[in-house]
Amino acid sequence: MDKVLARNSEENRQVVGRFAPSPTGPLHFGTLVAALGSYLLAAHCGGRWLLRVEDLDPPRVIAGSADDMLRLLEQLGFEWDGDVVYQSHRSERYRQVLDQLRSRGQVFDCNCTRREILASAPHPGEEGMVYPGTCRDGMKGGRSERAVRLRVTDDVICYHDGIFADQSQNLEREVGDFVLHRSDGLFAYQLAVVVDDIDSGVTQVVRGADLLSSTPRQIYLYRCLNEAVPEYYHLPLAFGENGKKLSKRNGDFGVVTVENGAQMLWRALDFLGQQPPAELSATLPAELLCWGRNNFSVAAIPAENRQVEF
Ligand code: GLU
């Protein structure tokens, strides 16, 4: 009996990491960096590594790109645990959580347009769009499409990022009550990502530094749902020569293929500060991953977005 309990509590403490790409195009160097960083950190901690396809936003999804991405990751030697989760299959679960928040009075309907919200910002255009709380106490007349927003408080949310160190944000002043269900009927990324990570038992979130400022919203949501907050590690972003984030949305530049896979993996290890030996650049992808697992150092990852050239 004692042994069973001990094993269970060990399992409960096990690190669970994940990689959660959006299938909006081919696998890109920036996405490979996120895959590699999350994979190596989970492996380094003896943890599990899950894969989730974030295909929540149909207009942005490119047909076939999730399958192509998964196949390529397999060909490069990545192995994930368990079944791939698809956000597009989970709407009922998101609805359930939204209903739960509604029953506790934590969300409200809002029929403001983007323009109305922008117009009410103290310095429009300068500071993103802070929702001023217009519909908190009920909607006014106006358009019928409505979003569902989570009520936030005037508190500073602090967290320690494993790479970018201490972060803080006052949600009410810097973001405002944020959308969990969009007026076009889709569930918002902020809700889906938190519900999925909770349901999959994720304890370690490793992803691009463009999401550093989304994390306080997600931490707040964990608190509203009385769930344990995972550890966060945000990876530096790779910029292209045009200074834009190197991503699937940025054309063919830096696209990963089976042919250039080893070279791209070597460069991704290098980008993450792991200093792979030069002679490994001519080896097989699986061997590079093996070298990465054996030599990984989180402290070596630079907290600095950088330009890369191809
Ligand atoms: N799907 C997001 C992306 O591809 C990542 C979300 C996350 O890791 O939380 O940028």
Side-chain angles (χ1 to χ4, degrees), residues 15-42 47-62 65-70 72-73 78 80 84-90 94 97 159 161-164 167 169 178-180 182 186-222 225 227 229-240 244-250 254-256 268 271-272 301 305:
V15 165
V16 181
R18 62 19 165 220
F19 171 52
S22 307
T24 51
L27 184 71
H28 220 280
F29 182 75
T31 318
L32 181 67
V33 166
L36 180 65
S38 60
Y39 169 82
L40 290 180
L41 201 60
R48 287 158 52 78
W49 186 63
L50 313 181
L51 215 144
R52 176 169 75 237
V53 172
E54 301 213 317
D55 53 353
L56 197 60
D57 192 348
R60 287 186 53 221
V61 168
I62 303 233
S65 73
D67 287 349
D68 291 349
M69 209 183 277
L70 298 186
L72 181 53
L73 286 171
F78 286 95
W80 52 87
V84 176
V85 169
Y86 291 84
Q87 287 188 327
S88 57
H89 300 174
R90 290 183 41 82
Y94 305 144
V97 175
Y159 72 99
D161 184 78
I163 295 161
F164 281 78
Q167 307 288 318
Q169 192 179 57
F178 57 94
V179 172
L180 298 185
R182 298 170 13 180
L186 297 175
F187 287 96
Y189 158 71
Q190 308 293 356
L191 176 72
V193 75
V194 169
V195 174
D196 290 342
D197 283 340
I198 290 171
D199 289 354
S200 307
V202 167
T203 65
Q204 182 183 74
V205 171
V206 183
R207 57 188 180 190
D210 51 337
L211 291 164
L212 270 169
S213 63
S214 276
T215 301
R217 269 170 276 182
Q218 295 172 18
I219 291 174
Y220 182 75
L221 203 37
Y222 275 95
L225 296 169
E227 295 284 349
V229 176
E231 293 185 320
Y232 289 98
Y233 295 83
H234 288 86
L235 302 170
L237 299 179
F239 289 106
K244 290 212 180 118
K245 182 188 156 194
L246 200 56
S247 74
K248 302 174 283 279
R249 294 180 281 282
N250 203 9
V255 169
V256 183
F271 185 78
L272 290 174
I301 300 177
N305 301 332

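Both counts, for ligands and for their atoms, begin at 1 and track the order of listing.
Test I163, L212, L211, I219 against Y232 for side-chain contact (heavy atoms from CB on, under 4.5 Å) and you get one pass: I219.
Contact analysis leaves F19 out of contact with ligand 1, as no non-hydrogen atom separation drops below 4.0 angstrom. Residue-ligand proximity: A20 is placed with a non-hydrogen atom under 4.0 Å from ligand 1.
Between F19 and W49, the ring planes lie parallel to each other; the angle is under 30°, not in the 30° to 60° tilted range.
Remark: ligand 1 and S22 share an N or O pair separated by less than 3.5 Å (distance only, no angle test). Considering backbone and side-chain atoms alike, L211 places every N or O at 3.5 Å or more from each N or O of ligand 1. Of the polar atoms of R52, none of the N or O atoms is found under 3.5 Å from an N or O of ligand 1, judged by distance alone.
Under the 4.0 Å criterion applied to side-chain N and carboxylate O atoms, R18 and D196 are not assigned as salt-bridge partners.
Atoms of ligand 1 lying under 4.0 Å from any heavy atom of E54, numbered from 1 in the order shown and given with element: 1 (N), 2 (C), 5 (C), 6 (C). Taking every non-hydrogen atom of R207 and a distance limit under 4.0 Å, the qualifying atoms of ligand 1 come out as 7 (C), 8 (O), 9 (O). Those atoms of ligand 1 that come under 4.0 Å of a heavy atom in V193, given as number and element, are 9 (O).
For Q167, there are no side chain to side chain donor-acceptor pair (under 3.5 Å) partners at least two apart in sequence or on another chain.
The main-chain N or O of V16 is found under 3.5 Å from a side-chain atom of T203 such that the two form a donor-acceptor pair.
Using modelled atom types and a 3.5 Å distance limit, the side chains of S200 and R48 yield no donor-acceptor pair.
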